[in-house]
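One-based numbering, in listed order, for ligands and for the atoms of each.
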Amino acid sequence: MSYAIIGSGAIGGALAKQFARSKIKAVVANRRGPASLKGELQAFEPTVSAAAISDALNADVIILATPFGATSDVAQLRNDWSGKIVVDATNAIEFPAFKPMDLGGRPSSQVLSAQFKGAKVVKAFNTLPAAVLADEPRQGKSSRTLFVSGDHADANEKIASLVTSLGFYPITLGSLGEGGLLQQFGGPLVLHSLIHESL
Ligand SMILES: NC(=O)c1ccc[n+]([C@@H]2O[C@H](COP(=O)([O-])OP(=O)(O)OC[C@H]3O[C@@H](n4cnc5c(N)ncnc54)[C@H](OP(=O)(O)O)[C@@H]3O)[C@@H](O)[C@H]2O)c1
């Protein structure tokens with residue numbers, strides 16, 4: 001599997017650090033282009049490197065670490081997302097009120113999924129503050145938990161496997177309409193940093 005992270009801010013940077021730490025190859029893209037990432041990614045190269053968005057979208061798995069409102073810009077870059085797993089790490093937040101965006105009662109990942117025709121969308125990496133996501137996920141035999149939700153069991157499994165490879169403990173919750181709602185901003189699982197204790 002090949003991996004791309006779209007967005008190089010707090011969450012994109014945290015993920016870049018975890019991919020590099022786990023020696024899993026990935027590319028990172030943002031709006032400003034690869035030259036803007038030279039310094040930021042230097043410590044993670046060559047495992048994690050900068051790419052133009054157009055090149056990053058060739059990856060099998062595309063992790064969206066942009067503002068929720070920017071995902072439609074990314075979606076418009078392709079007509080057909082068949083064969084891709086798109087991982088939704090966003091939180092749909094209305095600023096400056098810092099409250100869940102009014103999406104007419106629809107789970108935010110379902111709204112996002114409708115933009116990426118043909119993709120298998122999985123929600124993951126959105127529940128922890130960026131600084132916690134960037135932190136070492138393992139303490140002895142214990143690992144920090146990340147949640148995974150999506151409508152396609154095969155894609156959920158692949159992302160749960162990635163979560164494990166990155167050193168976290170995955171809990172797969174079910175569909176975007178069920179687990180996605182629990183995981184999304186305003187849901188009960190946001191900001192819970194849970195530790196899985198291996199006995
Ligand atoms: N920060 C947290 O603790 C946290 C925790 C959980 C979830 N989240 C969610 O994760 C997402 C990212 O948050 P963040 O804090 O990492 O944001 P951020 O620091 O502001 O970074 C946003 C990144 O998205 C890129 N971007 C914006 N519009 C884009 C577009 N149209 N096309 C491509 N790239 C675009 C920006 O590119 P440039 O660098 O070129 O401007 C930037 O690299 C948000 O949905 C947020 O709600 C954040």
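In this structure, Gln139 places its CD atom where only 12 or fewer heavy-atom neighbours from other residues, nucleotides or ligands lie under 6.0 Å away. Under a cut-off of 6.0 angstrom, the local environment of CG in Asn79 is sparse, with at most 12 non-hydrogen atoms contributed by other residues, nucleotides or ligands.
Here's the thing with Asp73: one of its N/O atoms is less than 3.5 angstrom from an N/O atom of ligand 1.
Rounded to the nearest 0.5 angstrom, Leu64 CG and Ile11 CD1 are separated by 12.5 Å. In this structure, NZ in Lys99 is found 11.0 Å from CZ in Phe185, a value given to the nearest 0.5 Å.
Taking the six-membered ring where tryptophan is involved, the planes of Tyr169 and His196 are essentially parallel, since the angle between them stays under 30° and well short of 60°.
The presence of a protein heavy atom under 4.0 Å from atom 19 (O) of ligand 1 is confirmed.
Which of Asn91, Thr127, Thr71, Asn30 comes nearest to atom 46 (C) of ligand 1 through a heavy atom is settled by distance: it is Asn91. The residue from Gln184, Arg31, Gln76, Glu40 that puts a heavy atom closest to atom 27 (C) of ligand 1 is Arg31. Around atom 22 (C) of ligand 1, the closest heavy atom drawn from Gly69, Ala29, Pro67 belongs to Pro67.
Of all protein heavy atoms, the one lying nearest to atom 33 (C) of ligand 1 is Ile53 CD1, 3.4 Å. Residue, atom and distance of the protein heavy atom nearest to atom 12 (C) of ligand 1 are Ala65 O, 3.4 Å. Closest to atom 3 (O) of ligand 1 among all protein heavy atoms lies Ala130 N, 2.9 Å. In this structure, atom 38 (P) of ligand 1 lies nearest to the protein heavy atom Arg32 NE, 3.4 Å. From the protein, the heavy atom lying nearest to atom 17 (O) of ligand 1 is Ala10 N, 4.5 Å. Looking from atom 28 (N) of ligand 1 to the surrounding protein, the closest heavy atom is Ala70 CB, 3.4 Å. Counting only heavy atoms of the protein, atom 25 (C) of ligand 1 lies nearest to Gly7 CA, 3.9 Å. In this structure, atom 8 (N) of ligand 1 lies nearest to the protein heavy atom Ile11 CG1, 3.6 Å.
With ligand atoms numbered from 1 in the order given, ligand 1 contributes 7 (C), 9 (C), 10 (O) to contacts under 4.0 Å with heavy atoms of Ala89. Under a 4.0 Å criterion applied to the non-hydrogen atoms of Leu128, ligand 1 contributes the atoms 5 (C), 6 (C). Short contacts between ligand 1 and Pro129, defined as distances under 4.0 Å to a heavy atom of the residue, involve ligand atoms 3 (O). Below 4.0 Å from some heavy atom of Phe68 lie the following atoms of ligand 1, by number and element: 45 (O). Of all atoms in ligand 1, numbered sequentially from 1 with element shown, those under 4.0 Å from a heavy atom of Asn126 are 6 (C), 7 (C).
The pair Lys120-Asp154 meets the salt-bridge criterion, with a side-chain N (NZ, NE, NH1 or NH2) lying under 4.0 Å from an Asp/Glu carboxylate O.
Asn156 and Thr172 form no side-chain donor-acceptor contact under 3.5 Å, judged by distance and modelled atom types alone.
The shortest side-chain heavy-atom distance between Asp73 and Thr66 does not fall under the 4.5 Å cut-off.
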